[in-house]
Each structure stands twice: as structure tokens, then as C-alpha cells.
Number of protein chains: 2
Amino acid sequence: MDATDRKLLDALRANARATYAQLAQLVGLSAPAVHERVAKLESGGVITGYHAAVAPESLGYAMNALVGVFITDSGDTDEIATSLAALPVVEDCWFVAGEETFVVKVRVPDVAGLEAAIRELNGIKGIGRTRTTVVLSTKFEDRVPAADPDA
Amino acid sequence: MDATDRKLLDALRANARATYAQLAQLVGLSAPAVHERVAKLESGGVITGYHAAVAPESLGYAMNALVGVFITDSGDTDEIATSLAALPVVEDCWFVAGEETFVVKVRVPDVAGLEAAIRELNGIKGIGRTRTTVVLSTKFEDRVPAADPDA
DNA sequence: GGTGAAAACAAAACCGA
DNA sequence: TCGGTTTTGTTTTCACC
């Protein structure tokens, strides 16, 4: 992983549909050379995928919330994580060291959807109570630090 | 936005570098027709971008944490949001209705980086105190509900 | 929304430092 | 080992139906 690789990573993070010719011009190499580097970044597990970002409101999901999950004394964290993964409303799931055991981010259409989501969460075996923090607005999201220090 | 558009969205979310020919085969249309649909989804603000997902550990960021930000009586939320945006360690920033005013997710290399991040946050004008919840492991992340109900 | 042709691009084999 | 060049097949993009 040299400076060229980091430049390629930043370029692909900004636009995953950039052509190899465009990337080649950016880093001053030929297109096949860039292709080879990107292939190595993919197979080496540095690049884990390419994803289109979709405006959630366009799909009718206008609301989200952070929910702290407190487990019961007998709750099994692996089992609970599996149950959380089975709920489509749960967008992110972090196992944390804090007051709660998990923090999840749920994405719902409206308050009725939020109520349903919280009821679903509270119904999961091993979950004691939840603490919900409603997101009023997302200032920014998914802003990974630049790979290239001169960016 | 019909069922075909939703299928295209899901396909591009799974693989943003899919070719129009591949997408065309998936939805049973011609490549130019798919191209036109995708262009409309882009210009209509449904697709907001295409991003390569990079394993944070590959860039030396092995740790992250959720930090609740409590503001002082005189704190201005817009001003604070701007200050938070200026910190590269802050990956996500939500303005919330709860005990805290903001919740941010920070991405750091190690505990020393976390300490530096918390010090930085506490140094911002208008921020009173912070409450940090260390993420032990990310069970999953950025899992937007499928656009296509039959997926 | 489909078709077809021109231009651009991607992937592979091969050559050179 | 890494990058450049060439070649071949695919894809994109445009005009037109």
C-alpha cells in the first residue's frame, strides 16, 4: 500500500464508478497498471465492495433513531446479535462497552414505524429494556478519513 | 419509481460497478433503457453517489466509539455542528432529541487516538461534556432496507 | 423502450526496465 | 516485480425507429 494505492482508494470512495482510464490519468499510470492495483486491493480485503448510496427518503424512510439495548441477566449476546440482524429496520448494530450492551440504528418511515421497531426490539428474547434517542437530523454520515494524507 | 427501478437500486447497492449490460439482463430490458433509468435516478436525487467500501483496519483505524455530546447553556448547535464537521475523526454526526444534543461516531487507530479525539471534542466551544461508548465490535453497518420488497 | 453503429473501455497476453 | 503496449472482445453512448 503506497501513496498511489491510497490515491486510488480515495478516488474510488468518491466515485466507485470511475473508469480505469480516469483513475489512470489521476495517478499518472496506465489503465492496466491501475486495474492490477485495484484488483490487488480487492483481493487483499482492503476494498470490501462498491455500493450505490440511496437517499433513504426516496424509499419512504424519513426517520431514524439510535436505540441502546440493555440485556437481561440471562441474555446471550451472540443470540441477541442474530435476532437483531434478522430485523430489516436495524441498519447498524454495535456491540459496545458502556451502559448498554448494544447500540443499534433503526431506519423507519415515521413515528408509527419507530413504535413498531421499538416493540419488536423489546420483544426479542434476552433484551431487557431499550433507550431510544430520536435523530432529528443527520449532519453527515459515513465520512471515512481520507486514505491519502495529501488529499 | 416502479418495481424495475427498485430492482436496479438494490443491484447497484450490492455492486455499484455492475455494467449496464449486467443490469439490463437482470431486469429484462436493453442496456440503453437501463442507462436512462439510472441516469434519472441519479438526477432525481435518489442515487446520491457510488462509493467503494474500504476496510478501516487497512487504513490503520481499528477502533471506533459513539460519543454523546452535551452542549453548554450558551452553545449554538449550528456552530457546534460546523466544528464537528471540521474534525476528520468524526465519521457520523447526528443531531438528536435525547439526553445529549449530538451523537457522533469517531474512528480512531487506537486508545491513544480515542483520547485525543475526546480531548478535541471537549475543547470545542459550546460543548460542555461528552459521554463515550466504546464500540467493541461492529455486528453490521449501513444495512439499508431493500428497495425491492420481493428481494 | 428497442436497434444498430461508432467510440470508449476492459481484460488478457506479451514485452521491457 | 512492476509498469507499458498491443490486441481482442465487451460495453457505453448516440442517433434513429
Side-chain angles (χ1 to χ4, degrees), chain A residues 1-60 142 144-151, chain B residues 1-61 109 142 144-151:
Chain A
M1 266 262 285
D2 58 5
T4 303
D5 282 339
R6 282 189 283 272
K7 269 190 196 168
L8 291 173
L9 284 179
D10 283 339
L12 284 169
R13 281 209 326 227
N15 176 21
R17 282 181 80 78
T19 66
Y20 292 118
Q22 290 170 331
L23 296 172
Q25 193 173 11
L26 185 77
V27 300
L29 289 178
S30 68
V34 167
H35 182 243
E36 197 177 334
R37 277 172 177 269
V38 173
K40 276 183 188 162
L41 290 170
E42 288 168 356
S43 63
V46 178
I47 295 174
T48 58
Y50 302 95
H51 307 286
V54 176
E57 314 83 51
S58 307
L59 303 178
D142 291 331
V144 183
D148 179 18
D150 333 326
Chain B
M1 267 262 285
D2 59 3
T4 303
D5 283 338
R6 281 189 284 272
K7 270 190 195 167
L8 291 173
L9 284 180
D10 283 339
L12 284 169
R13 281 210 324 225
N15 177 20
R17 283 179 79 80
T19 66
Y20 292 120
Q22 289 170 333
L23 295 172
Q25 193 173 10
L26 184 79
V27 299
L29 289 178
S30 67
V34 167
H35 182 242
E36 197 179 331
R37 277 172 178 268
V38 173
K40 276 183 187 160
L41 290 170
E42 289 168 354
S43 63
V46 178
I47 295 175
T48 57
Y50 302 95
H51 307 285
V54 176
E57 314 82 53
S58 306
L59 302 179
Y61 293 91
D142 291 332
V144 183
D148 179 19
D150 332 328

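We name chains A, B, ... by the order of the sequence lines, and we start the count at 1 in each one. Below, all heavy atoms of this structure are taken into account, side chains as well, without hydrogens, waters or symmetry copies.
Nucleotides of DNA chain D nearest to H35(B) and A33(A) differ in position, and the one nearer the 5' end is that of A33(A).
As a whole-Å value, the separation of E36(B) CD from dC16(D) C1' is 14 Å. Between the CD atom of Q22(A) and the P atom of dC9(C) there is a distance of 7 Å, given to the nearest Å. When rounded to the nearest whole Å, the span between CZ of R17(A) and P of dT11(D) equals 13 Å. Atom C1' of nucleotide dG3(D) and atom CG of L8(A) are separated by 14 Å, given to the nearest angstrom. We find that CD of E42(B) is positioned 14 Å from C1' of dT12(D), with the value rounded to whole Å.
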task: Step by step, work out the salt bridge (charged side-chain N to carboxylate O under 4.0 Å, His left out) result for R13(A) and D148(A).
output: CA-CA 12 Å; R13(A) 281 209 326 227; D148(A) 179 18; over 6 Å; no
- prompt: Hey, mind stepping through M1(A) and L41(A) against side chain to side chain contact (heavy atoms under 4.5 Å, CB included) and telling me if it holds?
  reply: CA-CA 9 Å; M1(A) 266 262 285; L41(A) 290 170; 4.0 Å; yes
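Summarising the geometry, atom CG belonging to L8(B) is positioned 6.5 Å from atom CZ belonging to R37(B); distances are rounded to the nearest 0.5 Å.
Sparse packing is recorded around CD of Q25(A), with 12 or fewer heavy atoms of other residues, nucleotides or ligands lying under 6.0 Å away.
Of the candidates dT13(D), dG2(C), dG4(D), dG2(C) carries the atom nearest the S30(B) side chain, counting heavy atoms from C-beta on. Nearest to the side-chain atoms of A21(B) among the listed nucleotides dT11(D), dT3(C), dA10(C) stands dT11(D). The side chain of Y20(B) approaches dT12(D) more closely than any other nucleotide in the set dG2(C), dT12(D), dA10(C).
Remark: R37(A) is in phosphate contact with dG3(D), judged by side-chain N or O atoms under 4.0 Å from OP1 or OP2.
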